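These numbers come from the heavy atoms of this one structure, side chains and all, not from hydrogens, waters or symmetry mates. As the structure is a computational prediction, the values presented were derived from the model and not from experiment. Chain A is the first sequence line, chain B the second, and so forth, proteins listed ahead of strands; every chain is numbered from 1.
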There are 2 protein chains.
Amino acid sequence: MSTDRRPYRRETEESRREALIEAALDLVAEGGPQAATVRAIATRAGVTPGLIRHYFASKEELTRAAYRRLVQILTDDSARALRAAPASPTDRLASFVAASLSPPVVDPMRLGLWAGLLNTLRSDPEMRQIHEQGYHSYRDLLEGLIAALPRDAGPEQCRHDAIACNAVIDGLWLES
Amino acid sequence: MSTDRRPYRRETEESRREALIEAALDLVAEGGPQAATVRAIATRAGVTPGLIRHYFASKEELTRAAYRRLVQILTDDSARALRAAPASPTDRLASFVAASLSPPVVDPMRLGLWAGLLNTLRSDPEMRQIHEQGYHSYRDLLEGLIAALPRDAGPEQCRHDAIACNAVIDGLWLES
DNA sequence: TGCGTTGTCATACGGGTGGATAATTCGTGC
DNA sequence: GCACGAATTATCCACCCGTATGACAACGCA
């Protein structure tokens with residue numbers, strides 16, 4: 001009479017959280033927020049729905065954790081590209097821009113993710129805060145590179161150029 | 001005992017359809033597709049839910065009509081900008097690009113719309129077809145303007161430049 | 001002014017699904 | 001082996017979705 005129970009392995013808290021977060025991001029990227037239900041996330045992560053609330057107080061918290069993770073990935077990718085860049089200021093900027101337009105930064109999945117999360121960002125203040133933090137750190141990176149260029153330009157001008165440059169990058173990023 | 005019935009006015013078929021479509025677009029822009037429920041659309045349009053199915057066979061049909069309308073708006077705006085443009089090829093291109101980056105083409109609502117509809121576009125083939133038609137007509141417009149420039153460039157080059165130019169425009173558009 | 005058409009309202013239904021929970025089981029480290 | 005807690009299972013409840021239906025009233029026309 002014993003119903004056969006699904007076999008399972010115990011995992012570390014970190015690996016489980018990671019799997020759940022990744023599953024959530026994948027689902028949002030593919031089908032928008034409405035596709036990222038607790039059941040779908042659990043299935044994708046290879047666990048049962050109940051487990052989600054073992055690691056996250058609510059689905060909302062999981063969503064926020066997922067977005068935090070996404071921002072971190074983007075930030076890390078940018079920073080890594082910069083570390084491997086050449087020494088000349090001009091070349092540094094050029095290679096940084098190039099890196100921002102090639103894999104793994106550019107990825108169709110990321111576009112879907114961004115689009116899917118846009119509405120959520122607008123409504124949830126905490127999400128918005130996470131987002132702005134990441135956005136500013138990227139733009140500041142860009143501004144630093146531009147300020148290091150061998151040319152005559154005040155900080156005001158550099159800031160303005162950084163914003164414009166960022167705009168162009170985002171545009172090319174969209175087209176991929 | 002008679003429940004007081006909400007007073008109403010009879011409208012033309014066109015104006016009702018228009019109101020429903022606009023309501024649907026607004027809701028998608030604000031809260032994503034999941035916010036555009038039959039009830040919400042009806043409320044926003046100032047009617048009761050039942051009326052939707054008086055004008056559209058199903059909600060899906062309304063959604064498609066709404067998207068068709070959006071594409072038409074974008075196309076019209078582009079064409080209008082071009083009609084008012086100067087004669088010189090270089091100036092024409094410049095003013096067209098400028099128009100693509102100012103109101104009413106640029107609009108935070110449109111960005112939300114685009115983000116919300118991205119997933120829908122991916123899954124619904126008919127939607128995708130509507131989308132590509134609009135996208136191509138815009139890019140062809142751009143390609144025509146570029147081909148008219150006073151310079152030495154083959155058709156292949158013009159096409160390539162049009163795609164790149166479109167990418168940059170989209171990027172600036174995103175930043176608004 | 002009265003009548004018929006039909007645009008519009010009101011309400012209900014059947015159901016799918018969403019997030020949450022509580023108790024149970026069994027893998028695992030000691 | 002024993003105990004702890006990770007993970008499963010089963011279920012809850014509520015909400016909201018899209019659809020269907022029938023009554024009512026606004027407007028055009030005679």
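Other residues, nucleotides and ligands place more than 12 heavy atoms under 6.0 Å from the CD atom of B/Glu132. Enclosure of atom CD in B/Glu61 by more than 12 non-hydrogen atoms of other residues, nucleotides or ligands within 6.0 angstrom is indicated. Crowding of B/His160 atom NE2: a count of heavy atoms from other residues, nucleotides or ligands under 6.0 Å not exceeding 12. Heavy atoms from other residues, nucleotides or ligands lying under 6.0 Å from CD of B/Gln34 number more than 12. Remark: A/Gln129 CD is loosely packed, at most 12 non-hydrogen atoms of other residues, nucleotides or ligands lying under 6.0 Å away.
Note: CD (A/Gln34) to C1' (D/dC16) measures 15 Å, nearest angstrom. Atom P of nucleotide C/dG18 and atom CD of A/Glu60 are separated by 17 Å, given to the nearest angstrom. When the P atom of C/dA10 is taken as reference, atom CZ of B/Arg39 falls 14 Å away, rounded to whole Å. Atom pair B/Leu27:CG and D/dC17:P shows a separation of 11 Å (rounding to whole Å applied). Atom P of nucleotide D/dC16 and atom NZ of B/Lys59 are separated by 14 Å, given to the nearest angstrom.
Taking NE2 of B/His136 as the start and CG of B/Leu142 as the end, the distance is 13.0 Å to the nearest 0.5 Å.
Of the candidates D/dT9, D/dC17, D/dA25, the closest approach to any side-chain atom of A/Arg5 belongs to D/dT9.
Contacts of A/Val47 with the nucleic acid, taken as non-hydrogen atoms under 4.0 Å apart, involve only primed sugar atoms and P, OP1 or OP2.
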Checklist line | Watson-Crick and G-U pairing of DNA chain C written in dot-bracket, each distance under 3.5 angstrom, with | for inter-strand partners | finding: ||||||||||||||||||||||||||||||
Next item on the list: Assess whether side-chain contact (heavy atoms from CB on, under 4.5 Å) is satisfied between A/Tyr55 and A/Ile21, documenting all intermediate values.
Entry: CA-CA 11 Å; A/Tyr55 287 108; A/Ile21 285 173; over 6 Å; no
Notebook entry, point to check: Step by step, would you call A/Arg53 with A/Val38 a side-chain contact (heavy atoms from CB on, under 4.5 Å)?
Noted result: CA-CA 9 Å; A/Arg53 289 194 32 95; A/Val38 281; over 6 Å; no
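A salt bridge does not link B/Arg139 with B/Glu143: none of the charged nitrogens is closer than 4.0 Å to a carboxylate oxygen.
Cluster membership for A/Leu25 and A/Leu121, using ILVMFWY side-chain heavy atoms within less than 4.5 angstrom, is shared.
For the segment residues 48-55 of chain B, residues with any heavy atom less than 4.0 angstrom from an atom of DNA chain D are, sorted by number, B/Arg53. Contacts between residues 6-24 of chain B and DNA chain D, defined by a heavy-atom separation under 4.0 Å, are made by B/Tyr8, B/Arg9, B/Arg10.
Residue B/Pro150 comes nearest to B/Pro89 through the heavy atom pair CD-CB, 4.3 Å, listed as atom of the first residue, atom of the second, then distance.
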